[in-house]
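Shown next, in C-alpha cells, is the structure this report addresses.
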Amino acid sequence: MDEMVERLTSVLRKIAAAEEAREAGGDPVTLVAVSKTFPGDAIRPVIEAGARVFGENKVQEAQQKWPELKEAYPDIELRLLGPLQSNKARDAVALFDVIETVDREKIAAEIARESHRQGRRPRVYVQVNIGREPQKAGIDPDEAVAFARRCREVHALEVEGLMCIPPSGEPPAPFFERLAELTDQAGLSRRSMGMSGDYETAILHGATSVRVGSAIFGARTYA
Ligand SMILES: *Cc1c(COP(=O)(O)O)cnc(C)c1O
C-alpha cells in the first residue's frame with residue numbers, strides 16, 4: 001500500500017517536471033489514476049494520499065466498487081475510459097462524471113437521452129482513433145472535428161476535449177501532436193493523452209490530462 005503512495009508521489013513529481021519543461025502557458029495537467037482491476041482496498045490509500053480523479057474501463061466493474069468510495073469521498077471525479085455499449089449508457093451516466101470514449105453517433109444520442117432523463121450531465125471527450133488502427137475504438141481523425149461539433153450542437157453534450165491512445169510500438173509524439181491540432185480545430189481545450197509509458201512525452205506535446213494506471217497501482221494481473 002505504501003508502495004502505491006510512493007509511486008503516486010513519484011508520478012506527481014514527474015508530471016510537475018514535465019509541466020515546467022513544456023512551453024509556457026499550458027493548462028495545469030490533471031492526473032487520472034486508472035484503478036481498473038484493483039479493488040477498493042487498494043484504491044483507498046491512493047485516495048487518502050490525495051488523488052481525486054480516477055478512471056475505470058468497465059461500467060460493471062466500476063459499479064461494484066465506486067458507489068461506496070464516492071459516498072466516503074464525495075469530491076472524487078470518476079471517468080469512464082473504456083468502450084461504452086449503448087445498453088450501458090444509463091448506468092454510465094448515473095455513475096461517471098466524465099465519459100472519455102464517445103466515438104459514434106449512437107452513443108452520443110444515448111448519453112444525451114440519459115442525461116436528460118436523469119438530470120445529470122457528464123462531461124464527455126470524443127475518442128479519436130489517432131493511428132487508424134482497425135482493432136481500436138475511436139472515430140477516424142478526419143471525422144473527429146465534425147463529430148465533436150455534432151455532439152455539442154445536435155446532442156447538447158458538454159464536450160470538454162478529445163482523447164486518444166496512440167499505436168503501441170511507435171513513437172507517440174506525432175500522434176499526440178495530431179490530437180492537439182484536432183482539438184484546436186474543434187475549438188476545444190482539453191486533451192486526454194498519455195499513459196504510464198508515455199505521460200511525460202504527452203505533457204510536452206500538450207496533454208491536459210494523463211491516464212496513469214500501472215505506474216501507480218503496479219502491474220495488472222488481468223484485463
Ligand atoms: C488501462 C488504460 C490506461 C492506463 O494504462 P497504464 O499503462 O497502466 O498506465 C489509460 N487509458 C486507457 C484508455 C486504459 O484503458
Side-chain angles (χ1 to χ4, degrees), residues 3-15 18 29-39 42-43 46 49 51-66 77-85 88 92 95-104 107 122-133 135-139 141 144 160-173 175-176 178-180 183 190-223:
E3 216 179 319
M4 288 186 187
V5 173
E6 261 169 48
R7 283 194 294 245
L8 171 69
T9 307
S10 152
V11 167
L12 287 170
R13 215 180 290 123
K14 288 179 185 168
I15 289 174
V29 174
T30 302
L31 169 63
V32 182
V34 183
S35 50
K36 64 187 182 196
T37 79
F38 290 93
I43 300 169
V46 176
R52 281 299 177 271
V53 185
F54 287 84
E56 288 282 342
N57 262 41
K58 292 180 179 159
V59 176
Q60 221 165 350
E61 182 188 337
Q63 278 177 315
Q64 283 159 18
K65 55 192 181 188
W66 280 101
E77 175 182 300
L78 191 61
R79 298 187 175 209
L80 179 63
L81 307 178
L84 179 58
Q85 309 302 327
K88 288 276 169 31
L95 181 63
F96 289 93
D97 305 292
V98 179
I99 297 174
E100 293 207 10
T101 49
V102 179
D103 65 355
R104 58 194 190 281
I107 279 299
R123 289 130 59 205
V124 307
Y125 283 70
V126 168
Q127 182 175 358
V128 183
N129 187 353
I130 202 74
R132 291 206 166 99
E133 297 169 277
Q135 81 283 10
K136 237 179 218 163
I139 193 156
E160 189 163 275
L162 303 184
M163 176 272 215
C164 76
I165 309 168
S168 55
E170 286 182 60
F175 298 103
F176 293 148
R178 182 81 183 112
L179 194 82
T183 309
R190 304 290 295 173
R191 309 175 189 104
S192 170
M193 53 192 203
M195 312 189 356
S196 289
D198 56 17
Y199 65 95
E200 292 160 283
T201 307
I203 292 168
L204 294 176
H205 293 279
T208 58
S209 62
V210 292
R211 311 176 306 264
V212 180
S214 47
I216 297 169
F217 289 98
R220 289 179 292 271
T221 47
Y222 64 96

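In each ligand, atom 1 is the first atom listed, and ligand 1 is the first ligand listed.
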Fill in: Rounded distance (nearest 0.5 Å) linking atom CZ of R52 with atom CD of E77
12.0 Å
Item to complete: Could you tell me whether the side chain of D103 and the main chain of I139 form a donor-acceptor pair under 3.5 Å?
Response: no
Worksheet, complete the sentence: In ligand 1, the atoms that come under 4.0 Å of a heavy atom of L81 are 13 (C)
Practice prompt. Examine the side chains of R211 and S192 and answer whether a donor and an acceptor come within less than 3.5 Å of each other.
Written response: yes
Worksheet item: Can you list the ligand 1 atoms lying under 4.0 Å from a non-hydrogen atom of S214?
Response: 6 (P), 7 (O), 8 (O), 9 (O)
Item to complete: Please state whether E100 comes within less than 4.0 angstrom of ligand 1, counting heavy atoms only.
Response: no
Practice prompt. Would you indicate which of M193, M195, K36 comes nearest to atom 2 (C) of ligand 1 when only heavy atoms are counted?
Written response: K36
Worksheet item: Which atoms of ligand 1 are found less than 4.0 Å from any heavy atom of S196?
Response: 6 (P), 7 (O), 8 (O), 9 (O)
Response to the item:
One should read off an interatomic distance between L80 CG and K58 NZ, to the nearest 0.5 angstrom, of 12.0 Å
Worksheet item: Near V212, which atoms of ligand 1 are under 4.0 Å from a heavy atom of that residue?
Response: 9 (O)
Worksheet item: By number and element, which atoms of ligand 1 are closer than 4.0 Å to a non-hydrogen atom of N57?
Response: 14 (C), 15 (O)
Worksheet entry | S196 side chain vs A215 backbone, donor-acceptor pair below 3.5 Å | yes
Worksheet item: Would you call E200-K14 a salt bridge at under 4.0 Å N-O?
Response: no
Practice prompt. Using a strict cut-off of 4.0 Å, indicate which atoms of ligand 1 neighbour a heavy atom of I165.
Written response: 13 (C)
Worksheet item: Does any non-hydrogen side-chain atom of L31 lie less than 4.5 Å from one of I216?
Response: yes
Worksheet item: Which of the atoms in ligand 1, numbered in the order shown and given with their element, are less than 4.0 Å from a heavy-atom of R211?
Response: 4 (C), 9 (O), 10 (C), 11 (N), 12 (C), 13 (C)
Worksheet item: What do you reckon, does G213 have a nitrogen or oxygen under 3.5 Å from a nitrogen or oxygen of ligand 1?
Response: yes
